[in-house]
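Position 1 is the first residue of the sequence, and the numbers go up from there. Just so we're clear, the structure is a prediction, and the values are computed from it rather than from any experiment.
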Amino acid sequence: LAAGPAGALAAVSTSFFVDYSVLVPPEVLTPSSFVSRTPEGLAVFDYSHMESLERACASGNQGACTQLSNTAWEPNLRWSGTWEELGGEPAPDAFIEVYHAPPGGPFTEVETPFNTGYSLADLAAGADAFYAVGQIGGERFDRAAGVEVWRSVDGINWEESGGIPAVDRVVAMGALGDETVLVGVRDNPGQVVVASTTNGTEWEVIDLPGLLPAAAQGGGQWVNAAAMGPAGLIMHVTTWVRAGEAEREISQIVETADLENWSSTPAAGVVNGYVDQIIVGDVLFINATSGGVGGRVHTVGTRSG
């Protein structure tokens with residue numbers, strides 16, 4: 001859901017199970033096989049050889065145990081067929097419906113470029129327009145995993161937002177003053193990315209010097225939760241650092257009211273537990289799970305204290 005001056009947007013994601021085994025020759029199916037959808041068509045894999053080794057190893061056959069530990073966990077390919085051979089590719093097994101309502105008006109469905117082939121990660125009302133964040137699903141959709149962002153001034157006509165910084169996932173997106181802000185993460189190693197735009201086409205990546213500790217070699221940073229609103233931007237960031245020979249986590253609450261003046265506070269001094277959700281209005285709220293009990297809400301306060 002997202003709401004702005006141009007009205008409101010609602011997105012409904014639907015997925016369903018497809019039994020592809022009905023398209024496969026029955027003689028290639030066994031109790032140890034499974035059918036997998038690939039970009040080219042369908043494939044039937046079999047795990048019976050691994051199961052036999054597991055049973056022999058459990059019975060004390062050390063040779064089988066050795067072979068099991070040295071064998072790549074990849075199934076045997078029993079059969080494959082292309083979509084052309086199968087009579088055509090079926091409809092997607094997931095789709096997104098997007099509805100728009102003008103201020104005070106009813107919702108009607110709108111066509112968007114992200115209806116199929118994407119997992120819609122977020123709808124957001126930026127300072128200048130609506131934004132939709134699509135998470136590309138990797139091999140499921142026959143394209144590399146990643147993020148694409150679209151922009152719409154009226155919620156009806158959409159275009160791809162250019163200049164988005166390279167991120168592997170978007171954690172939060174929204175308006176902060178007259179700017180639209182994106183908080184994302186780059187993988188391998190994890191790196192926090194904060195960027196802003198006033199027009200949806202030119203993005204400025206914001207440097208966060210001195211706010212986060214240096215990550216250990218091979219480690220990284222992760223944004224557990226983030227949100228922005230009238231009271232500012234707040235993020236819960238975890239960094240893997242090295243202390244001697246060991247690695248440990250440092251958890252911090254990072255916040256700003258204007259994208260220029262930043263502060264960083266140890267999370268333990270603000271919340272006791274894992275941050276599940278952050279909500280920003282005129283007051284900052286953090287919903288944290290503590291000791292296995294969820295729903296503990298911490299009020300951080302207003303900018304005036």
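- Remark: side-chain polar atoms of H236 are not paired, donor with acceptor, to backbone N or O of I278 under 3.5 angstrom.
- Side chains of N199 and T201: a donor on one and an acceptor on the other come within 3.5 Å.
- Side-chain atoms of R186 never come within 3.5 Å of backbone atoms of V193 as a donor-acceptor pair (strictly under, hydrogens ignored).
- Between the side chain of S59 and the backbone N or O of N61, no donor-acceptor pair lies under 3.5 Å.
- In this structure W203 satisfies the ring pair (Phe, Tyr, Trp, His ring centres under 6.0 Å) test with no other residue, sequence neighbours excluded.
- Under a 3.5 Å cut-off, the side chain of T239 and the backbone N or O of Q221 do not form any donor-acceptor pair.
- Distance alone, capped at 3.5 Å, places no donor-acceptor pair between the R78 side chain and the V44 backbone.
- When atom types are taken as modelled, the side chain of T180 and the backbone of A127 share a donor-acceptor pair closer than 3.5 angstrom.
- Here the closest non-hydrogen pair linking W158 and L9 is CZ2-CD1, 3.6 Å.
- Proximity of a side-chain donor or acceptor of S161 to a complementary backbone N or O of W150 within less than 3.5 Å is not detected.
- Between the side chain of T82 and the backbone N or O of E40, no donor-acceptor pair lies under 3.5 Å.
- For the residue pair E249 and T238, no side-chain donor N or O sits within less than 3.5 Å of a side-chain acceptor on the partner.
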